[in-house]
Amino acid sequence: GAVVSQHPSWVICKSGTSVKIECRSLDFQATTMFWYRQFPKQSLMLMATSNEGSKATYEQGVEKDKFLINHASLTLSTLTVTSAHPEDSSFYICSARDRAVNQPQHFGDGTRLSIL
Amino acid sequence: GENVEQHPSTLSVQEGDSAVIKCTYSDSASNYFPWYKQELGKGPQLIIDIRSNVGEKKDQRIAVTLNKTAKHFSLHITETQPEDSAVYFCAASIFHQFYFGTGTSLTVIP
């Protein structure tokens with residue numbers, strides 16, 4: 001089945017550090033990738049949608065300059081949390097969707113980000 | 001936009017019993033409905049999906065039903081096992097956008 005690889009799985013860093021998370025579709029071409037944030041025992045909160053070769057579309061309330069998204073190829077999207085602070089600590093999950101119509105999103109295993 | 005509601009938020013069943021999770025959606029144009037299972041510390045995994053031209057789909061112990069008229073769809077798990085314990089999310093898709101329910105935490109008691 002479709003596989004999405006997300007790295008790293010866990011990051012601990014000091015406040016003020018920028019952190020990059022990678023999301024790769026391993027066996028299909030993903031024209032669209034999604035980035036979610038999930039708080040404990042809560043649902044998925046869509047942060048942004050990225051289409052290959054174009055700028056990401058951010059959801060209301062998500063800071064574009066804080067969460068930089070790059071989707072440079074059909075198999076790779078990156079999320080960079082710039083100048084991270086403790087309130088950015090969360091579980092970040094990416095997903096990718098095959099270019100064909102009515103295909104499901106396939107999720108990575110998430111990145112646990114802890115800012116000290 | 002689309003609004004997906006999911007019930008119940010928590011569900012406990014005895015091992016071997018059945019579990020049913022229900023979702024409703026608001027936009028009749030939604031045409032694709034996947035279900036995801038999320039285990040602790042992991043990303044959601046697709047377990048079954050159904051398209052709007054189908055009323056029911058089954059995969060071993062898991063089945064999904066769709067009622068387009070009433071705009072609701074349900075996940076049925078039969079003969080539940082402890083490893084079925086997880087959080088389950090429904091979703092409705094329209095124009096390549098996915099709208100997720102709020103999740104159901106299922107606990108299967110041995």
Side-chain angles (χ1 to χ4, degrees), chain A residues 1-10 21-26 28 30-52 54 57 59-60 79 90-114, chain B residues 1-11 21 23 25 29-54 57 59 62 64 66 73 75 85-107:
Chain A
V3 178
V4 174
S5 175
Q6 185 174 343
H7 292 283
S9 58
W10 195 10
I21 303 170
E22 289 190 351
C23 181
R24 294 180 184 271
S25 58
L26 298 185
F28 65 99
T31 50
T32 306
M33 288 186 170
F34 305 85
W35 288 95
Y36 295 86
R37 185 171 180 176
Q38 188 176 37
F39 294 99
K41 297 186 179 181
Q42 292 193 22
S43 187
L44 305 161
M45 186 187 79
L46 180 64
M47 298 175 64
T49 301
S50 75
N51 292 295
E52 185 264 339
S54 62
T57 302
E59 296 299 302
Q60 191 173 6
L79 167 67
S90 192
F91 192 53
Y92 293 87
I93 312 174
C94 74
S95 71
R97 194 180 63 83
D98 193 292
R99 61 171 65 199
V101 175
N102 274 350
Q103 291 298 308
Q105 291 185 30
H106 298 282
F107 288 85
D109 267 344
T111 297
R112 173 79 50 200
L113 177 60
S114 298
Chain B
E2 175 65 281
N3 180 46
V4 178
E5 295 189 356
Q6 182 171 346
H7 299 281
S9 57
T10 60
L11 178 61
I21 302 170
C23 288
Y25 60 100
S30 290
N31 56 9
Y32 175 65
F33 307 90
W35 284 88
Y36 292 87
K37 174 184 180 182
Q38 186 178 25
E39 297 178 335
L40 193 64
K42 293 190 174 182
Q45 296 299 308
L46 178 71
I47 55 172
I48 195 167
D49 57 8
I50 191 167
R51 289 172 169 76
S52 58
N53 60 345
V54 176
K57 183 177 179 180
D59 183 4
I62 296 174
V64 57
L66 172 65
F73 55 113
L75 177 71
S85 297
V87 178
Y88 291 81
F89 292 97
C90 65
S93 177
I94 176 173
F95 302 131
H96 308 302
Q97 289 293 323
F98 285 71
Y99 300 86
F100 287 88
T102 49
T104 296
S105 178
L106 173 64
T107 301

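Just so we're on the same page: letters track the sequence lines, and every chain starts at 1.
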Minimum heavy-atom separation for Arg97(A) to Phe98(B), with atom names?
CD-CE1, 3.5 Å

In this structure, CD1 of Ile93(A) is separated from NZ of Lys42(B) (nearest 0.5 Å) by 13.0 Å

On a heavy-atom basis, the closest approach of Ser43(A) and Gly101(B) is OG-O, 2.8 Å

Measure the CG-NZ distance between Leu40(B) and Lys41(A) for me, rounded to the nearest 0.5 Å.
9.5 Å

Hey, could you give me the CZ/OH distance between Phe100(B) and Tyr36(A), rounded to the nearest 0.5 Å?
4.0 Å

Look only at the side chain of Ser93(B) and the backbone of Pro104(A), and say whether a donor-acceptor pair between them is shorter than 3.5 Å.
no

Does any heavy atom of chain A fall under 4.5 Å from the side chain of Gln38(B), the backbone, both, or neither of them?
side chain

Residue pair Phe89(B) / Gln38(A): nearest heavy atoms and the distance that separates them
CZ-NE2, 3.7 Å

